[in-house]
Amino acid sequence: MTVLLREAIGDRLRHARTTQRRTLREVSRTARVSLGYLSEVERGRKEASSELLAAICEALDLPLFELLHLVASDIGAVQRPVTSPAELTERAQPAAPSLEGGTLVPAVIGNDLSDLRIQPMLTHRLTTTIGKPRGTVVAA
């Protein structure tokens, strides 16, 4: 799964704005950016210049380095190579706990990358068969 930088930045900007319970209009006025353009940036449809990004971050009281750090973490979490259980077993050290594997899924349905969680893969299936009892029960 490939995440575009502009989408990850937009998700983080929107998350910061909605967490502060601020409107697009309010942030666009403070940052001196058109409302439509800010909306496009948040939706990941427009690539913001460094000057524009700095203005939006300042309007949100969000340091630019913090935004970039969060975006880098989000992208890294999504784009890390998935290792098969066999490869993990071969590389595992005796004292290290083993990892069965899993998939990265959103904890909440949506596009916010901050809500990603690891969902374990089921490697074994449990099957049961219901039949006659094996022994006889003797009533006293």
Side-chain angles (χ1 to χ4, degrees):
M1 177 177 162
T2 302
V3 177
L4 296 176
L5 181 61
R6 69 173 186 256
E7 292 173 347
I9 289 172
D11 284 341
R12 279 295 174 175
L13 290 174
R14 176 169 283 165
H15 180 74
R17 179 181 60 78
T18 57
T19 300
Q20 296 175 16
R21 298 185 185 273
R22 295 176 68 188
T23 64
L24 269 170
R25 186 173 309 281
E26 180 185 349
V27 174
S28 71
R29 282 185 191 150
T30 307
R32 296 183 180 184
V33 175
S34 77
L35 178 74
Y37 196 79
L38 179 58
S39 174
E40 293 286 310
V41 168
E42 280 191 0
R43 288 186 285 156
R45 295 192 177 173
K46 295 286 182 183
E47 194 91 41
S49 68
S50 58
E51 293 87 0
L52 182 66
L53 205 51
I56 296 168
C57 284
E58 187 175 327
L60 291 169
D61 294 322
L62 173 66
L64 182 58
F65 77 88
E66 187 176 329
L67 171 72
L68 296 176
H69 176 73
L70 292 169
V71 167
S73 296
D74 293 342
I75 291 173
V78 172
Q79 293 189 342
R80 281 194 184 98
V82 177
T83 307
S84 72
E87 291 172 332
L88 288 172
T89 305
E90 290 172 6
R91 292 188 298 174
Q93 296 179 10
S98 65
L99 177 64
E100 291 296 323
T103 56
L104 203 56
V105 296
V108 178
I109 296 174
N111 293 327
D112 189 356
L113 296 176
S114 65
D115 292 331
L116 292 175
R117 304 287 186 264
I118 297 290
Q119 179 180 14
M121 286 183 358
L122 296 176
T123 56
H124 303 286
R125 292 185 182 212
L126 178 62
T127 58
T128 59
T129 306
I130 299 175
K132 293 182 189 178
R134 292 185 180 177
T136 55
V137 178
V138 178

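Computed from a prediction, not measured in an experiment: that's the story for all the values here.
- Rounding to the nearest 0.5 Å gives a distance of 15.5 Å between NZ of Lys46 and CD1 of Ile9.
- With values rounded to the nearest 0.5 angstrom, Leu64 atom CG is found 13.5 Å from His69 atom NE2.
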Checklist entry - After noting the C-alpha distance and the side-chain angles of Leu67 and Leu53, does the key distance pass the side chain to side chain contact (heavy atoms under 4.5 Å, CB included) rule? => result CA-CA 10 Å; Leu67 171 72; Leu53 205 51; 4.1 Å; yes

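- Atom CD of Gln20 sits in a crowded spot, with more than 12 heavy atoms from other residues, nucleotides or ligands closer than 6.0 Å.
- Partner of Val3 under the side-chain contact (heavy atoms from CB on, under 4.5 Å) criterion, out of Asp11, Val71, Asp74, Val78: Val78 alone.
- Taken to the nearest 0.5 Å, the CZ atom of Arg45 stands 10.0 Å off from the CD atom of Glu7.
- Proximity of a side-chain donor or acceptor of Arg6 to a complementary backbone N or O of Gly44 within less than 3.5 Å is detected.
- The minimum heavy-atom distance between Leu60 and Ala16, with the atom names listed, is CD1-CB, 4.2 Å.
- Leu70 CG to Ile75 CD1: the interatomic distance, rounded to the nearest 0.5 Å, is 11.5 Å.
- Taken to the nearest 0.5 Å, the OG1 atom of Thr30 stands 10.0 Å off from the CD atom of Glu58.
- A donor-acceptor distance shorter than 3.5 angstrom exists from the side chain of Arg17 to the backbone of Arg22, with no hydrogens or angles considered.
- Leu4 and Leu13 fall into different hydrophobic clusters, where Ile, Leu, Val, Met, Phe, Trp and Tyr residues are linked whenever their side-chain heavy atoms come under 4.5 Å apart, directly or through other members.
- In terms of modelled atom types and a separation under 3.5 Å, the side chain of Thr19 and the main chain of His15 share a donor-acceptor contact.
- In this structure the side chain of Glu42 reaches within 4.5 angstrom of the side chain of Leu24, judged on heavy atoms.
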